[in-house]
Amino acid sequence: MSSFDESTRNFKIVRALSDLRKSNPALRYGALTERWINDDVYVYERRFYDDVVLIAVNKGNDSYTLSNLYTALPAGTYDDVLGGRLGGGSLKVSAGTEDAANIASEYVLRGGQSAVWSYTAAAADSPQIGNIGPTMGHAGDVVSVAGKNFGGQEGTIFVDGVPAEIKYWSDEEVDFVVPAETPSGTQNVVLTTSASVKSNAISYHVLTAPQTAVTFTVTDTSTSYGDEVYLTGNVPELGNWSTDTAEAIGPLVCPNYPTWFVMASVPAGMTVEYKFFVKKADGTVVWEGGSNHQYTVPESGTGAVSVQW
């Protein structure tokens, strides 16, 4: 937009949130914890190490009292980051008895109101990685890690213990090249500062070879409400035969029951083995019967394969 009114409430809210995202790493990298939820009220928290942002929203028309609300905010009083523009006020937090579980004083969140409370910790001694991007690639690819306390002088990045070539280094971002010796699969990336202080580890998925997108389809699968269908196979890109839903491919989508499909990236030109399984609503696994399927992936373009359960 060439110009707009900077005095409006909406502009000031967006500016406040934008400034908060820049100043508090919890919004950029933090894990999410739900603190309160019902039909109208949602309170959630983003936390990155000691940096915390707590958000409360009431989409209903009636007031709601939040009592015994747990939070990772340190003990103290916090003003609404939005300056009360959506009805939020100050929140008082008292020290609790559990780690990351302090207790906020009783707070009334009126209908249609929202509030944001923030705590940004002082600089820590150790480097803290919050994000890696992209999350997968090949040896030779340039990858970025972002976070804080990396230091102004160049240190070292290790991928599965192998030092990587550094392309760029700053206190909040480092770009590096995935080493040629790195084995395929999920590997840990660790940063070490010039003062030899190590960061936390973050996962990076090293692909086996250049990839081809393949659509895997399975038909006539017998499922019940709440079941999910997954794909797994003999290469890291297909989960290495894992039934862990964080590693297997899926859940598959089913726009036309009982036909399920998913698109996955697999090594180009390689003959892969694969199978489907159902993850039941109670967590049990039912494997597709018979021998493993085999499929030779095209060298380029895209591929598609369909099997009947």
Side-chain angles (χ1 to χ4, degrees), residues 12-33 44-55 71-83 93 99-100 102 116-182 186-207:
K12 293 177 180 179
I13 290 171
V14 171
R15 169 170 281 177
L17 293 174
S18 177
D19 290 344
L20 178 62
R21 188 178 186 279
K22 292 178 182 178
S23 64
N24 193 324
L27 286 186
R28 302 195 298 275
Y29 314 127
L32 185 144
T33 300
Y44 64 99
E45 193 169 68
R46 295 289 296 271
R47 183 185 184 189
F48 179 66
Y49 289 88
D50 294 328
D51 302 314
V52 183
V53 177
L54 182 69
I55 302 99
T71 175
L73 289 168
T77 300
Y78 299 88
D79 293 329
D80 174 32
V81 172
L82 303 180
V93 176
D99 179 52
N102 291 337
V116 179
W117 303 285
S118 170
Y119 174 79
T120 304
D125 295 331
S126 61
Q128 299 169 350
I129 297 177
N131 185 60
I132 188 167
T135 58
M136 65 174 63
H138 313 95
D141 287 354
V142 177
V143 180
S144 296
V145 290
K148 64 179 185 178
N149 307 326
F150 296 166
Q153 294 185 336
E154 184 175 306
T156 308
I157 287 281
F158 295 91
V159 184
D160 188 41
V162 179
E165 176 189 355
I166 303 299
K167 290 291 189 180
Y168 172 79
W169 189 288
S170 73
D171 190 51
E172 294 186 341
E173 179 185 341
V174 173
D175 300 343
F176 65 94
V177 179
V178 180
E181 312 94 293
T182 309
T186 301
Q187 309 297 345
N188 283 332
V189 174
V190 176
L191 179 148
T192 301
T193 68
S194 60
S196 300
V197 181
K198 289 186 177 181
S199 72
N200 58 304
I202 193 166
S203 295
Y204 180 76
H205 190 171
V206 182
L207 300 171

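We're numbering straight along the sequence, starting at 1.
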Run the side-chain contact (heavy atoms from CB on, under 4.5 Å) check on L17 and L82 step by step: do they pass? CA-CA 8 Å; L17 293 174; L82 303 180; 3.7 Å; yes
Could you please spell out the steps behind the side-chain contact (heavy atoms from CB on, under 4.5 Å) verdict for F176 and V159? CA-CA 10 Å; F176 65 94; V159 184; 3.6 Å; yes
side-chain contact (heavy atoms from CB on, under 4.5 Å) for S118 and V52? Distances and angles first, verdict last. CA-CA 6 Å; S118 170; V52 183; over 6 Å; no
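Residue A139 comes nearest to A180 through the heavy atom pair CB-CA, 3.7 Å, listed as atom of the first residue, atom of the second, then distance. Nearest heavy-atom pair across D51 and K148 is OD2-NZ, 2.6 Å. Minimum interatomic distance between R46 and G30 (heavy atoms only, all atoms of both residues): NE-O, 2.8 Å. Between P25 and F48, the shortest heavy-atom distance links the atoms CB-CD2, 3.7 Å. In this structure, V143 and G133 approach most closely via the heavy-atom pair CG1-O, 3.6 Å. Contact between A164 and V177 at its shortest, heavy atoms only, is CB-O, 3.2 Å.
T77 meets the side-chain contact (heavy atoms from CB on, under 4.5 Å) test with S90, K92; sequence neighbours excluded.
Taking CG of D50 as the start and CG of L73 as the end, the distance is 11.5 Å to the nearest 0.5 Å. With rounding to the nearest 0.5 Å, the separation of CG in D171 from CG in N149 is 6.0 Å. If you take CD1 on I55 and CG on L20, they are separated by 8.0 Å, rounding to the nearest 0.5 Å. Within the model, atoms CD of E172 and CG of N131 stand 12.5 Å from one another, a figure rounded to the nearest 0.5 Å. Taking CG of L207 as the start and OG1 of T182 as the end, the distance is 12.0 Å to the nearest 0.5 Å.
Between L54 and Y78 the shortest side-chain heavy-atom distance does not fall below 4.5 Å. Looking at V178 and Q187, their side chains never come closer than 4.5 Å, going by heavy atoms from C-beta outward. Taking the side chain as every heavy atom from C-beta outward, P127 and V197 approach each other to under 4.5 Å. The shortest distance between side-chain heavy atoms of T193 and L191 falls below 4.5 Å. Here the side chains of F150 and I129 are in contact, with some heavy-atom distance below 4.5 Å. Using a 4.5 Å heavy-atom cutoff, the side chains of T33 and R47 are not in contact. Within the 4.5 Å cutoff, side-chain heavy atoms of V116 are placed close to those of D80.
Although no hydrogens or angles enter the test, the distance criterion places a donor-acceptor pair under 3.5 Å between the side chain of E45 and the main chain of A72. A donor-acceptor pair under 3.5 Å is formed between the side chain of Y204 and the backbone N or O of G137. R28 places a side-chain N or O within 3.5 Å of a backbone atom of R21 that can act as its donor or acceptor partner. Looking only at distances, no side-chain donor or acceptor of D19 sits under 3.5 Å from a matching main-chain atom of A16.
Side-chain contact check for S144 and D175: at least one donor-acceptor pair (N or O, by modelled atom type) lies under 3.5 Å.
Y49 OH: more than 12 foreign heavy atoms inside a 6.0 Å radius.
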